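Heads up, the thing below is written out as structure tokens.
Reminder, nothing fancy here: chain letters follow the sequence lines and each chain counts from 1. Note that the structure is a prediction, hence the values are computed from the model and not measured. Scope of the values below: all heavy atoms of this structure, side chains included, with no hydrogens, waters or symmetry mates.
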Number of protein chains: 2
Amino acid sequence: MDGLHTPEGERSTEADLLDCVCTNVRMASRVLTRYYDEVMSPSGVRITQLATLAAVAYHGPFTMKVLARALFMDRSTLTADLQPLAAQGFITIVPGEDRRTRMITITDGGLNAIQTALPLWRQAQSHIERDLGQARLGALLGELREVVESAQSQ
Amino acid sequence: MDGLHTPEGERSTEADLLDCVCTNVRMASRVLTRYYDEVMSPSGVRITQLATLAAVAYHGPFTMKVLARALFMDRSTLTADLQPLAAQGFITIVPGEDRRTRMITITDGGLNAIQTALPLWRQAQSHIERDLGQARLGALLGELREVVESAQSQ
DNA sequence: CACAAATAGGAGGATATCAACCTATACAAA
DNA sequence: TTTGTATAGGTTGATATCCTCCTATTTGTG
């Protein structure tokens with residue numbers, strides 16, 4: 001019954017690792033991203049890009065630092081993520097009054113991209129909502145928020 | 001009260017996007033990965049690498065295809081992910097009997113790396129467990145599994 | 001004012017992730 | 001056996017992600 005490569009006494013360790021919060025969330029992240037991206041592919045906008053565009057559109061303009069914090073990501077990650085969005089003309093990046101900063105602003109093209117992607121995003125989201133129900137889904141997002149807070153509290 | 005850059009009638013759209021399952025899971029993935037990686041950094045093993053090593057150690061040897069499926073990731077992703085593990089001597093990649101395949105096997109160095117990383121992983125995991133409790137955490141992982149199934153059911 | 005400390009952001013390098021295409025091997029049908 | 005199809009993996013190119021430095025600008029202190 002024991003696998004050849006399962007050292008003695010490692011069984012409980014294996015079970016523990018199967019419950020790794022980080023690994024399980026990353027797995028879900030992979031599967032969900034593949035799914036949303038596939039459904040949204042006709043729009044040419046990825047789910048990661050829609051999230052960034054929406055943040056800028058509904059709460060911008062932002063500096064890099066503030067936007068990165070809003071998205072819970074590293075500033076240098078945001079620098080990379082914004083390149084394709086700026087190249088497509090969905091956002092503009094211009095120096096702020098404080099010349100150290102850059103102001104990120106949505107463009108008409110960016111608003112347009114959001115509107116194009118939204119129906120497809122709704123389609124993907126609705127599929128998950130139908131299967132789980134809004135109540136369980138809302139609870140899940142709440143629990144995720146708590147996990148995030150726990151991980152951030154040092 | 002209204003932000004200057006929130007177009008009229010977009011309020012519900014914004015609220016909808018805030019509840020995007022994929023975006024929220026990705027956010028949690030970023031924060032959790034940063035946290036686990038920081039705690040585990042003295043071991044030199046990342047949480048992503050520990051997950052892969054553990055799968056190979058406890059259930060391998062695997063072919064690329066089977067391991068990729070077990071980790072819910074693309075085969076080409078796995079090809080890239082295995083490079084640093086092979087370079088450090090934690091796994092071996094050798095042709096299988098079917099010469100199209102490659103068998104991925106854990107090495108003594110790989111088992112050693114797991115043992116070195118485990119206490120630090122436990123430390124990170126325990127912190128989350130303490131804050132949320134095992135019951136809620138178990139439920140969260142269960143809900144994530146359902147979301148994954150929903151996203152994979154086409 | 002001059003200089004030191006703090007802050008904002010970018011560059012470089014490494015890993016993670018996928019889709020699309022390509023090659024090598026195995027299998028199956030004629 | 002030959003040929004065609006199916007399968008396993010790799011390569012390429014793009015995006016995503018982080019950390020560690022580095023530069024430019026601001027602010028604070030003498």
Side-chain angles (χ1 to χ4, degrees), chain A residues 22-23 25-42 44-53 62-69 71-88 90 93-104 151, chain B residues 22-23 25-42 44-53 62-69 71-88 90 93-104 151:
Chain A
C22 184
T23 300
V25 169
R26 287 188 65 91
M27 259 186 208
S29 166
R30 285 193 291 271
V31 176
L32 284 168
T33 302
R34 275 199 300 266
Y35 174 64
Y36 278 72
D37 275 354
E38 186 198 338
V39 173
M40 291 173 55
S41 65
V45 178
R46 297 178 172 219
I47 182 59
T48 49
Q49 303 179 326
L50 179 60
T52 302
L53 288 176
F62 279 120
T63 63
M64 298 289 292
K65 176 177 184 170
V66 174
L67 180 53
R69 171 161 311 207
L71 297 174
F72 294 85
M73 68 174 52
D74 192 89
R75 293 185 309 269
S76 60
T77 302
L78 187 58
T79 298
D81 287 1
L82 293 186
Q83 296 318 306
L85 297 178
Q88 290 177 280
F90 294 162
I93 309 176
V94 299
E97 292 189 15
D98 181 337
R99 300 243 283 277
R100 291 172 300 183
T101 66
R102 309 284 171 99
M103 295 308 296
I104 318 298
Chain B
C22 184
T23 301
V25 169
R26 287 187 66 90
M27 258 185 209
S29 165
R30 284 193 291 270
V31 176
L32 284 168
T33 302
R34 276 199 299 267
Y35 174 63
Y36 277 72
D37 275 353
E38 186 198 338
V39 173
M40 290 173 55
S41 65
V45 179
R46 298 178 172 219
I47 183 59
T48 49
Q49 303 178 327
L50 179 60
T52 302
L53 287 176
F62 279 121
T63 64
M64 298 290 292
K65 175 177 185 170
V66 173
L67 180 53
R69 169 161 312 207
L71 297 175
F72 294 85
M73 69 173 53
D74 192 89
R75 293 185 309 269
S76 58
T77 302
L78 187 58
T79 298
D81 288 1
L82 293 186
Q83 295 318 305
L85 298 179
Q88 288 178 282
F90 294 162
I93 308 176
V94 299
E97 293 190 14
D98 179 337
R99 300 244 283 276
R100 293 172 299 182
T101 67
R102 309 284 171 98
M103 294 309 294
I104 318 299

Requested in this report: Begin with the C-alpha distance, continue with both residues' side-chain angles, and end with the deciding distance and a verdict on side chain to side chain contact (heavy atoms under 4.5 Å, CB included) for A:Arg102 and A:Met64.
Outcome: CA-CA 6 Å; A:Arg102 309 284 171 99; A:Met64 298 289 292; 4.3 Å; yes
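- Rounding to whole angstrom units, OH of residue B:Tyr35 and P of D:dC18 are separated by 17 Å.
- Judged by distance alone, with hydrogens and angles left aside, the side-chain atoms of B:Asp37 form a donor-acceptor pair with the main-chain N or O of B:Ile47 at under 3.5 Å.
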Report summary line: The contact string for nucleotides 7-12 of chain C, one letter per nucleotide 5' to 3', using protein heavy atoms under 4.0 Å with B, S and - for base, sugar-phosphate only and none, comes out as BSBSB-
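- Looking at the side chain of A:Arg30, the nearest of the listed nucleotides D:dA16, C:dC18, C:dT15 is C:dC18.
- A:Leu50 has its CG atom 12 Å from the P atom of D:dA16, to the nearest Å.
- Here C:dT17 presents its P atom at 11 Å from CD of B:Gln49, a figure rounded to the nearest Å.
- Distances from the side chain of A:Asp81 to the nucleotides C:dA16, D:dC18, D:dA16 place D:dA16 closest.
- The phosphate of C:dA16 has neither OP1 nor OP2 within less than 4.0 Å of any side-chain N or O from B:Thr77.
- In this structure, CG on A:Leu50 lies 11.0 Å from CZ on A:Phe90, to the nearest 0.5 angstrom.
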Requested in this report: Report the C-alpha distance between A:Thr48 and A:Asp81 in whole Å, list the side-chain angles of each, state the deciding distance to 0.1 Å, and finish with yes or no for side chain to side chain contact (heavy atoms under 4.5 Å, CB included).
Outcome: CA-CA 9 Å; A:Thr48 49; A:Asp81 287 1; 5.9 Å; no
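- Summarising the geometry, the separation between CZ on B:Arg99 and P on C:dC27 is reported as 12 Å, rounded to the nearest angstrom.
- Counting only distance, with no hydrogens or angles, the side chain of B:Thr101 and the backbone of B:Glu97 share no donor-acceptor pair below 3.5 Å.
- Residue B:Tyr36 contributes atom OH, which lies 16 Å from atom P of D:dC18 at whole-angstrom precision.
- Straight-line distance from the CZ atom of B:Arg69 to the P atom of C:dT17: 18 Å, rounded to whole Å.
- Put simply, CG on B:Leu67 is 14 Å from C1' on D:dA8, counting in whole angstrom units.
- Whole-Å rounding puts the B:Glu97 CD to C:dA26 P distance at 11 Å.
- When distances run from any side-chain atom of B:Arg26 to the nucleotides D:dT17, C:dC18, C:dA16, the shortest one goes to D:dT17.
- With values rounded to the nearest 0.5 angstrom, A:Leu82 atom CG is found 10.5 Å from A:Thr77 atom OG1.
- Here the side chain of B:Arg30 pairs a donor or acceptor atom with the backbone of A:Leu71 at under 3.5 angstrom.
- Comparing A:Val31 and B:Gln88 by the nucleotide of DNA chain C whose heavy atom lies nearest to each, the residue mapping closer to the 5' end is B:Gln88.
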